[in-house]
**Q** 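This is the structure, below, for whatever I ask next.
All values below were derived from every heavy atom in this structure, side-chain atoms included, with hydrogens, water molecules and symmetry-related copies excluded. Convention: sequence-line order gives letters A, B, ...; per-chain numbering from 1. Predicted, not measured: the structure shown is a model, and the values here were computed from it.
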Amino acid sequence: MTDLSGGYEGEYPIVVEGLRNAFGEHVIHEDLSLRVRKGEVIGVVGGSGTGKSVLMRSIIGLQHPTAGRVEVLGHDMLQPHEEAGIDIRSRWGVLFQGGALFSTLTVGENVEVPLKQFYPEIAPDLRSEIARFKVRLSGLPEEAAYKYPSELSGGMKKRAGLARALALDPELLFLDEPTAGLDPIGAAAFDSLTRELKETLGLTVFLITHDLDTLYAICDRVAVIADRQVIAVGTIPELLALDHPWIQEYFNGPRGRAALAAKGDPEVESAMDSTGKTGA
Amino acid sequence: MTNGDTVHRSRGTTCRSTLFPSIRAGMRDYAEFTLSESDDGSVRTLALKGHLRVFSLGDLDARLRPLDGQFQRIDLSEVTDIDTTGAWLVSSYARDRGIETTGASEQARRLFAALGNMQENEAEPQPRPSLLMRTLGDVGNVMIGWGNGFLQSIAFLGELVAALFTTLRHPSRLRGTALVHHMQYVGINSLWIIGLMSFLIGIVIAQQGAVQLEQFGAEIYTINLTGRLSMRELGILMTSIMVAGRSGSAFAAQIGTMKLTEEVDAMRTIGVSPMEALVVPRVLASMIMMPLLGFYSAVLSIIGGAFISNFALDIPFWTFLQRTQEVVPITDVWIGLIKAPVFALIVALLGCYQGMQVSGNAEEVGTRTTQAVVTAIFTVIVLDAFFAIFFTEIGWK
Ligand SMILES: Nc1ncnc2c1ncn2[C@@H]1O[C@H](COP(=O)(O)OP(=O)(O)OP(=O)(O)O)[C@@H](O)[C@H]1O
Ligand SMILES: [Mg+2]
């Protein structure tokens, strides 16, 4: 079923069906379904508090849903299976919204943790060199590898979290607002890094973001969460063709327009002109 | 062109398993290589084979090292797949030694290009000082830490007193809800455990005391021993130790975690003084509850003594209690009640002080909490010794 070198063979590395999440009386998701295709970057958007982070947490098994089915890389995440669980954990990388770095370890040591966990045969010297390489890959200066998380700025913490998520060159990446808190140059560098990794390594990326530029730049499809469900999944032109007020406002608002103008995608522009007369 | 002369393999096995990495660590497809020579013998080529990915590296690095300088070209045409770690390893190896790479796949070339854009600024870690210097440095730091810690906690006490005066002048600024909450936490919630502890200690004092006093036929003095010891010393001392462990540690951990999450800083920017909002209610609550707890503890310890003497000494329960009233002078009660707020101040102050000192990481919360408890108990015991001598000297024997 799973082969380390070949990666996941199926079509949908992430399958969510009929998901229901609730905190006490407060229902976050109700009958939510989403399929993520292999090798795509899927952007997940939605208003603040609509449950994007909770969705990610339920996919990676940190939040136990009250109903539904979650499948990652062909494995049912709700059936505890220790060996498959370990296997899957060596094949995904996760960046949390708050960074979630280990505060007692330096950035370099943070990146080494997954390497040490799964590939202990790599010599310590080489491992720390790989870690420093990942730190540079994520856009931090190499000195940052010797710093503790409390000595980093907010954006640097995000990048350090990204370096740890990329430590194993995983085939599945979960990123919760990776560009929040990054300067525009850093955000653009992140976009091109993600695109490069996706095209060369065939990564599948689950990307929660509020950054319209990132959406336009790297997302193959966008899933919109509203009213406790994924109300639409598709390319941006496809979404624009829909007549949903939130989607229209999201992409046709002043910021959506500005991001599009910067990107200058004729296909999207024509779709927008035909639907979004309301936009600024 | 190639006439492979050496095949290097690690751990011999190349089975393609469908198991999981942790289990098949020993039977993974490790990267391999062969060393060969061009026909005219001028160029030696290292041909890498198989996966060049993080899971297949193993000790590739170490296996390549002895071959340094023995080849002038790296051939990648037999590499089946590559990831950023593999690409980085090959490209930095080749660059450091000025070796050319050939046969890279489209995928590998794109990765090399992407990595090439990364600026390479090899920052060396700061050299570690020798063991002797580090030990000396650590000792010095600990000494300085003690000195500074003492001075700083005095300064903290000063700040607290200032905040208490402010609260006195503007009583409306006292956080009533917080005060009551901490009074409940420090006082009410610990009644059960302090009561049980004191009762048992009373039993031990009375029983052990009786065994010794019996030798002089003076068992009746067990009542004096239990009553006076409980009221004067043990009630408040044991309570202080229990409160230090229960509440002093909680204060340090609560405030320390708030420091880590920048809540304390946020308070300051809003104009809320952490001293008034966090420290004053905790210290006041402890100072109000500790005399009550200490008295309660002494009473329960006397009850424990009465309980055991009922069986072991043939002194009836009620007689024991009545006699206690006669033999314990009221000054003993005052001594306990005077010491209580002082000990409470020390326990709460050190808990809050250590919490405020937290910075950096989660481990710090743990060490600071431990320090809060240890220094509080130590200081309380030292002060208790001073009090004992002081009260005896002024004639409260
Ligand atoms: N541990 C929790 N306990 C109770 N409610 C929670 C918990 N975690 C999240 N929620 C609630 O779930 C909802 C969704 O939260 P979530 O963090 O997924 O939002 P989000 O879509 O990621 O928002 P943002 O874009 O701001 O990150 C919120 O209304 C939040 O109040
Ligand atoms: Mg979120």
**Q** Tell me, for B:Ala362 versus chain A, whether the close heavy atoms (under 4.5 Å) come from the side chain, the backbone, both or neither.
**A**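 The answer is both parts of B:Ala362.
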**Q** Please indicate whether B:Glu100 has more than 12 foreign heavy atoms, meaning atoms of other residues, nucleotides or ligands, lying under 6.0 Å from its CD.
**A** yes
**Q** Excluding sequence neighbours, so at least two apart, what forms side chain to side chain donor-acceptor pair (under 3.5 Å) with B:Gln357?
**A**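 Residues passing side chain to side chain donor-acceptor pair (under 3.5 Å) with B:Gln357: none at all.
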**Q** Name, in order of residue number, those residues of residues 185-208 of chain A that have a heavy atom at a distance of less than 4.5 Å from a heavy atom in chain B; otherwise write 'none'.
**A**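 Hits under 4.5 Å: A:Glu196, A:Leu197, A:Glu199, A:Thr200, A:Leu201.
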**Q** To the nearest 0.5 Å, tell me how far B:Thr84 OG1 sits from A:Lys134 NZ.
**A**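 Answer for the OG1-NZ pair, B:Thr84 versus A:Lys134, is 3.0 Å.
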**Q** For chain B, find its close neighbours in residues 102-110 of chain A: heavy-atom separation under 4.5 Å, sorted by number, or none.
**A** A:Ser103, A:Thr104
**Q** Measure B:Leu89 against the heavy atoms of chain A and call it side chain, backbone, both or neither at under 4.5 Å.
**A**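 For B:Leu89, side-chain heavy atoms alone lie under 4.5 Å from chain A.
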**Q** To the nearest 0.5 Å, what is the distance between OH (A:Tyr119) and OG (B:Ser56)?
**A** 9.0 Å
**Q** Quick one: of A:Asp169, A:Leu115, A:Leu126, who has the most non-hydrogen atom pairs under 4.5 Å with chain B?
**A** A:Asp169
**Q** Write down the atom of A:Ile130, the atom of B:Trp88, and the distance for their closest heavy-atom approach.
**A** CG1-CZ3, 3.6 Å
**Q** Chain B heavy atoms under 4.5 Å from A:Gln117: which part of the residue, side chain, backbone, both or neither?
**A**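 It is neither, since no heavy atom gets under 4.5 Å.
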**Q** Only pairs at least two apart or in different chains count here, so list each salt bridge (Lys or Arg N to Asp or Glu O under 4.0 Å) that has a residue in residues 147-168 of chain A.
**A**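 Every salt bridge (Lys or Arg N to Asp or Glu O under 4.0 Å) pair that includes a residue of residues 147-168 of chain A, provided the two are not neighbours, is A:Arg159-A:Asp183.
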